[in-house]
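Here's the structure we're looking at; comments come further down.
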Amino acid sequence: MKNLKFIFLFLVALSFNSCQDLLNEDPEYTLNNKTVFETEKSANIALLGCYGYLTNYDTYGQTIPELSVNASGFAWSQTNGGGSDLFNSMNTVPTDSQLSTMWGGLYKAIGQCNFFIDAISKSTLSDKYKKNASGQAKFVRGLCYYNLATYFGGVPLRIQPTTAEDLNIPKSSQMDVFKQVEKDWLDAANDLLPKQDPSAKVGMGTKYAAYAYLTKLYFMMASQENTSSSPYWAKAKAAGDEVILNGGYSLEPKFANLFKNYVASSPESIFQLNFTTTSTLVGNRTSWVFSPANSTTGISFARVRSSKSFYDFFKGTYLDDPRLKETFITTWKQIKTNNANVFSYPYTSKTVAGVIVVAD
């Protein structure tokens, strides 16, 4: 029996030592590993993590586009009384799962950015690299806080890595959050490269993308003050002029090109997130949310659709505008039902002697 006890204790000790060895591993990349920032290659992996959180389903992969369109007044939703219906009718509740999902997703990205900004400042990498990399993380953090402030108003403002001592902090006012966004984007506008620079990367923030977002921010801040004397109107114009005069952007010659797949270098694109079709970790469900039911080989439910009033407003305001048929899907084939032709408002259809007759 004593021998059995000895063997048991030996195995426990061996197991404990093995666990200690596992805990003491030093992987190439982990949020708590300072060696990440010893090379630009590994630091870039951490920086991509900041952008990666923006491509999850709980941010721009689904929730932000869905909720933004739902609340715009230009769409309607049909989810059998679900959260999308309530949000669309401005009757959402604080416990709505999509709101909490988006809240969590944005704060995950903010947490990654806070860690990155703090760690890169303490690294031994070149000042040139640190300036641009920190500007990228501030660009993303500003975008996250801009979304939080426009959706929720005042929110907890974290600009340092979170510790056990500051897990619970009070909300800052919406205007204070906007001022932090302004600071982040001004730093980004100062530190980032213009898109024309050979070192600028597609899918990441650039100098004039930061100015473009500052234009949106100043317009929002001026609107919040609700007075013609607000200094933010002039700031909005100044930031917008920077984009127009120096950004190197132009309108797409053919409007329909904006909706082509895998657009990476449209002259009209100021900042865009590029999604992959092969990842199992992140993705884009806009087709799932907005495309007509059964209109694609994948999943499409049409849970958010353009309202009739928006269609009529567009058509009545811009007579014979070729953008109309590119903006609204009014006819499609149902792939899962033998490619049957389907028509939507403003069209109606019926079958006469085996032939589909369509009327506007």
Side-chain angles (χ1 to χ4, degrees), residues 49-114 139-159 162 166-182 184-185 213 216-217 219-221 223-224 271-273 275 281-291 299-307 310:
C50 298
Y51 282 94
Y53 278 116
L54 298 183
T55 62
N56 286 335
Y57 297 133
D58 48 6
T59 48
Y60 284 96
Q62 177 186 350
T63 307
I64 291 178
E66 182 172 0
L67 294 184
S68 298
V69 175
N70 249 334
S72 67
F74 299 142
W76 65 283
S77 179
Q78 187 175 31
T79 56
N80 298 320
S84 291
D85 291 351
L86 296 176
F87 202 87
N88 181 257
S89 59
M90 301 299 177
N91 289 317
T92 192
V93 293
T95 55
D96 179 80
S97 61
Q98 283 187 294
L99 287 178
S100 60
T101 296
M102 180 176 66
W103 174 283
L106 290 170
Y107 270 110
K108 285 178 185 177
I110 289 169
Q112 176 83 347
C113 291
N114 287 342
F139 177 83
V140 173
R141 184 173 69 181
L143 181 57
C144 292
Y145 271 125
Y146 178 81
N147 279 297
L148 285 167
T150 52
Y151 271 93
F152 300 101
V155 298
L157 188 56
R158 299 181 182 277
I159 56 173
T162 302
D166 62 3
L167 283 176
N168 297 308
I169 60 174
K171 292 194 300 183
S172 297
S173 69
Q174 183 187 54
M175 190 56 74
D176 283 344
V177 178
F178 280 153
K179 288 179 180 178
Q180 177 59 44
V181 175
E182 177 188 24
D184 277 346
W185 283 343
Y213 274 111
K216 287 169 64 72
L217 174 67
F219 183 85
M220 180 67 75
M221 294 171 80
S223 300
Q224 292 293 318
F271 171 66
Q272 67 184 59
L273 293 167
F275 290 83
L281 301 175
V282 297
N284 191 320
R285 284 177 172 165
T286 50
S287 175
W288 185 75
V289 173
F290 298 108
S291 295
I299 301 173
S300 54
F301 290 138
R303 49 189 279 175
V304 179
R305 313 178 191 185
S306 172
S307 66
F310 180 45

Next on the checklist: The test is side chain to side chain contact (heavy atoms under 4.5 Å, CB included); show your working for Val155 and Tyr107 and say whether it passes.
Outcome noted: CA-CA 11 Å; Val155 298; Tyr107 270 110; 3.5 Å; yes

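- Note that CE of Met175 and CE of Met220 are 10.5 Å apart. Values are rounded to the nearest 0.5 Å.
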Item to check | side-chain hydrogen bond (donor to acceptor under 3.5 Å, both in side chains) assessment of Tyr57 paired with Thr101 | outcome: CA-CA 9 Å; Tyr57 297 133; Thr101 296; over 6 Å; no

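- Tyr146 and Trp185 have tilted rings, their planes meeting at an angle from 30° to 60° on a 0 to 90° scale.
- Shortest non-hydrogen contact noted between Pro65 and Thr59 is CD-O, 3.7 Å.
- Ring planes of Phe271 and Tyr51: tilted class, angle from 30 to 60°.
- A 6.0 Å sphere centred on CZ of Phe301 holds more than 12 heavy atoms belonging to other residues, nucleotides or ligands.
- A cation-pi geometry, defined here as NZ or CZ lying under 6.0 Å from the six-membered ring centre and within 45° of its normal, does not hold between Arg305 and Phe290.
- Between Val69 and Phe74 there is no side-chain heavy-atom pair separated by less than 4.5 Å.
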Next on the checklist: Run the side chain to side chain contact (heavy atoms under 4.5 Å, CB included) test on Leu143 and Leu54 for me, step by step, so that the C-alpha distance in whole Å, both residues' side-chain angles and the decisive distance to 0.1 Å come before the verdict.
Outcome noted: CA-CA 10 Å; Leu143 181 57; Leu54 298 183; 4.1 Å; yes

Checklist entry - Should Asn147 and Ile64 be marked as a side chain to side chain contact (heavy atoms under 4.5 Å, CB included) after you check the CA-CA gap, both sets of side-chain angles, and the distance that decides it? => result CA-CA 9 Å; Asn147 279 297; Ile64 291 178; 4.3 Å; yes

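- Going from atom OG of Ser306 over to atom CH2 of Trp76 covers 10.5 Å, rounded to the nearest 0.5 Å.
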Item to check | Tyr53/Val140 under side chain to side chain contact (heavy atoms under 4.5 Å, CB included): CA gap, chis, key distance, verdict | outcome: CA-CA 10 Å; Tyr53 278 116; Val140 173; over 6 Å; no

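- Between Lys108 and Asp58 there is a side-chain heavy-atom pair separated by less than 4.5 Å.
- Partners of Asp184 by side-chain hydrogen bond (donor to acceptor under 3.5 Å, both in side chains), not counting sequence neighbours, listed by chain and number: Arg141, Gln180.
- Smallest separation of non-hydrogen atoms from Gly142 and Val181: O-CG1, 3.6 Å.
- Using a 4.5 Å heavy-atom threshold, the side chains of Thr286 and Gln62 count as separate.
- In summary, the aromatic rings of Phe178 and Tyr145 are positioned with their centroids too far apart to meet the 6.0 Å limit.
- Shown here for Cys50 and Ala109, the closest heavy-atom pair between the two residues is O-CB, 4.3 Å.
- The CG atom of Leu67 lies 5.0 Å from the OH atom of Tyr151; values are rounded to the nearest 0.5 Å.
- Two residues are said to be in side-chain contact when any heavy atoms from C-beta on lie closer than 4.5 Å; Tyr60 and Asn284 fail this criterion.
- The residues Glu66 and Arg303 are annotated as salt-bridged, a charged nitrogen and a carboxylate oxygen being separated by less than 4.0 angstrom.
- Atom CZ of Arg158 sits about 9.5 Å away from atom CD1 of Ile110, to the nearest 0.5 Å.
- Asn70 contributes atom CG, which lies 7.5 Å from atom CD of Gln98 (distance to the nearest 0.5 angstrom).
- The side-chain hydrogen bond (donor to acceptor under 3.5 Å, both in side chains) check on Ser172 picks up nothing, with sequence neighbours excluded.
- Between Ser291 and Ser287, the side chains place a donor N or O and an acceptor N or O closer than 3.5 Å (distance only, hydrogens not considered).
- Put simply, NZ on Lys216 and CE on Met221 are 14.5 Å apart, with the number rounded to the nearest 0.5 Å.
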